[in-house]
Amino acid sequence: MIAVLGRPAGRTAVLGSALCLALLASGWALAFWRPIVAADLLLFPFLAVACAISAALLRIDNSRWRLEAPFLGATLVALGPWWTLGFAVLGLAAESYIRSGRPSAIWRKGTLALSMACALVALSAHLVDFPGWVEGLIFAVVWIGLAQAIEPRGLPASVMVVATLILTAALGAMAAEGRWVGGIVALAPTGLIASIAMYGDRTESARRETLQALALMLQRAHPYTHSHLERVAAIAEKTALNLGLSPDRSRLIFEAARLHDIGKIAVDELILDKSGALTPDEYEHVKLHAPFGAAILEEIAELREIADWIRHHHERPDGKGYPHGLSGDEIPLEARIIAVADAFDAMTGGFETGEKRPYREPMSAANAMCEMDRCAGTQFDSAVVAAFRVAVEEECAS
Amino acid sequence: MGAEVFWMATVGAVAVGLLYYRFFVMPVHAEAKMDDAVRAFGRAVELRFPNHAGLTEVVAKLARRVGRALGLGPRRLHDLDRAVRLRDIGLCAIPYRLVNRRSWDEWTMSEMATYECHAEVGGAILESIPALAEHAQTVRMHHANFRLHRDESDLRSPGLEARIAKGCVEYVWYARHRGIDEAIDHLRRGAGTLFDPAVSHEVIRIAGAEQARP
């Protein structure tokens, strides 16, 4: 139950269930008994709870599955398998079209959806009663328009789901009573939800692009680092998953590992590329890349947590690291993971490419792992090394 | 009828909430995130070249004042500010020791040419980032001489934002290293060749007003 409540969709489903129970108790729900309203208000919350619980138990972290599955389930019960299949296909087609990358496509699709809805409702208004298939089609149009909105972007998922429930319930209620003007009005805010989702996507793209610009700056200053960062990020993410961290957390570690050397922008490249041993002053200069990296990322509010991991990615469990000499659990776990991945790649230069560092010949993966086992507990966290070994073996096997 | 009113009122409330969020809350959040990123770039440059520390804020403030005086609207002032803050992103490609170990007075012609490449590098970096590509041309041209200017629509010609950036950057740089009087003299002598005369005039006027302030 705690896992369910910990997720936005879970909390919404519990809230929705409580709401529908209250409606049933008050007798209001019976006044709106139509398949679409039944599917939307009554079945969805219960199915959403079931999906959220199973997602938590199975460790499925796909928000789309958690939210779309209840919709499809409710439709299956209310309207039957063929309409459910139709909605699923329409939804997939709309998703792939919307994700073709052209924002204007969403507006065209949204306008088309609205036009279809108006035409359908107007046609139905001439009938004595709404047939179930008409309500199903209207529901499909609304669902397509909201398909993007189901992703938790721009608004919290719970708010999206509640807004969806209210709008589709209103639409169903209006359509069932033949109030086609009301139905069109109820449909209108779906365009806003799609707009919010689209804006959220654009903001997220802009965020990724600015991080890419930072990485490009580093690449201009130190060209050899790019592939190193990609390899470290990939293996760090796998190590985090092996340690039992959630996929979201592991993805964050991936992002952090890609930026862990960003502070090297401020380091003299001639020192970094020096082939011989560094003097004490040169070593002190290079060590600055850790706090420099943190200083750069701290300017970005949502990266402040990552900044801390980058600041400490050269700390050691035995306290002999830098910049602050932290030890043991004082070092964030994420920083310990990045430290292991970084050191391994520095020793090997990658599994296949064997890129040479200017100051050392690359080792084989086996020798590097032996070195890491030898330093486990002192330079590297033992548990992280164990999880890292599994990740390396999987990588070598693939 | 009561039920219909209830549903329409609920839909209306949801719509108003969504409208407010979409057009008033989201743009502010998005802008704040972009401002954060631009500050991060500036911080990276200042860490690489400590003698650039604090320069960007001073140049940005002066550029906004000059832009306002030359009639730029809010949107263009915002773009000018952003371009000024991103102008030195290309410095990451300039050798560390060139700027940190040698005074710019000691640079050879070749070293000066290397340094001036940072404008083109910065423009190229920004062009590859769709969210920032609109500032690429201004960044590319922020050291271009006024005598290159032909037409506002000519891509080889520095736009007004680039001309403002050049005037402000060079004024602040000279003021920091050689004094305000020499900075003003540099802008006055370069008006029409290095600098847009209108930009030169405004920078000198604003700088003079700052100096006269008690």
Side-chain angles (χ1 to χ4, degrees), chain A residues 28 31-32 154-155 159 162-163 166-167 169-171 173-174 177 179 182 185-189 192-193 195-196 199-200 202-203 205-214 216-222 262-263 265-272 288 292-293 295-303, chain B residues 2-19 21-23 25-27 29-50 86 89-97 100-101 118 121-122 124-126 128-133:
Chain A
W28 272 42
F32 303 117
L155 273 179
V159 175
V162 168
I166 290 172
L167 293 173
L171 170 64
M174 293 296 110
E177 298 299 317
R179 309 275 187 200
V185 172
L187 200 59
L192 272 174
I193 294 181
S195 171
I196 287 171
Y199 199 94
R202 276 211 302 269
T203 305
S205 293
R207 185 193 79 89
R208 277 199 302 270
E209 286 159 11
T210 51
L211 293 182
Q212 191 184 337
L214 273 175
L216 269 175
M217 284 175 73
L218 176 61
Q219 200 181 345
R220 287 281 190 276
H222 304 288
I262 198 73
I265 282 176
V267 173
D268 186 350
E269 58 275 3
L270 289 181
I271 296 177
L272 276 181
L288 288 173
F292 280 173
I296 292 168
L297 294 181
E298 272 170 351
E299 297 291 339
I300 303 174
E302 59 188 16
L303 295 183
Chain B
E4 189 176 346
V5 170
F6 166 76
W7 282 115
M8 295 315 296
T10 308
V11 167
V14 168
V16 167
L18 291 173
L19 267 170
Y21 187 81
R22 167 62 183 85
F23 291 104
V25 175
M26 287 191 88
H29 287 168
E31 205 55 32
K33 283 184 182 180
M34 193 54 76
D35 287 344
D36 281 353
V38 170
R39 265 202 308 278
F41 296 140
R43 191 84 174 99
V45 170
E46 289 181 356
L47 285 171
R48 183 170 175 80
F49 299 123
L86 289 168
I89 194 173
L91 281 177
C92 56
I94 305 304
Y96 181 92
R97 294 187 182 189
N100 287 321
R101 304 283 173 89
H118 80 270
V121 171
I125 290 176
L126 292 177
S128 65
I129 312 295
L132 300 171

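Computed over heavy atoms, backbone and side chain alike; hydrogens, waters and symmetry mates excluded. In what follows, every chain begins at residue 1, and chains take the letters A, B, ... in the order their sequences are listed.
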Let's test your reading of the structure: which of [options] forms the most heavy-atom pairs below 4.5 Å with chain B?
options                      : value
A/Arg207, A/Glu302, A/Glu269 : A/Glu269
A/Thr203, A/Ile265, A/Leu288 : A/Ile265
A/Leu270, A/Leu303, A/Asp268 : A/Asp268

Self-check item: Check: B/Arg43 side chain, A/Ile296 main-chain N or O, donor-acceptor pair, under 3.5 Å
Solution: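 Pair absent, no side-chain N/O of B/Arg43 close to backbone of A/Ile296.
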
Quiz item: Under the 3.5 angstrom rule, does the side chain of B/Asp36 hit a backbone N or O of A/Ala301 as a donor-acceptor pair?
Solution: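 Checking the backbone N and O of A/Ala301 against the side chain of B/Asp36, a donor-acceptor pair under 3.5 Å is found.
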
Is it the side chain or the backbone of [X] that comes within 4.5 Å of chain A heavy atoms, both, or neither?
X       : value
B/Phe49 : neither
B/Pro95 : both
B/Leu19 : both

Self-check item: Lys/Arg N to Asp/Glu carboxylate O, A/Glu298 vs B/Arg39, below 4.0 Å
Solution: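 Salt bridge: no.
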
Exercise. Sequence neighbours left out, what passes side-chain contact (heavy atoms from CB on, under 4.5 Å) with A/Thr210? Give chain and number order.
Key: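 Only B/Met34, B/Ala37, B/Phe41, B/Leu132 meet the side-chain contact (heavy atoms from CB on, under 4.5 Å) criterion with A/Thr210.
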
Quiz prompt | Test side chain to side chain donor-acceptor pair (under 3.5 Å) applied to A/Gln212 - qualifying residues, sequence neighbours left out | solution =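 Listed in chain order: nothing, the list is empty.
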
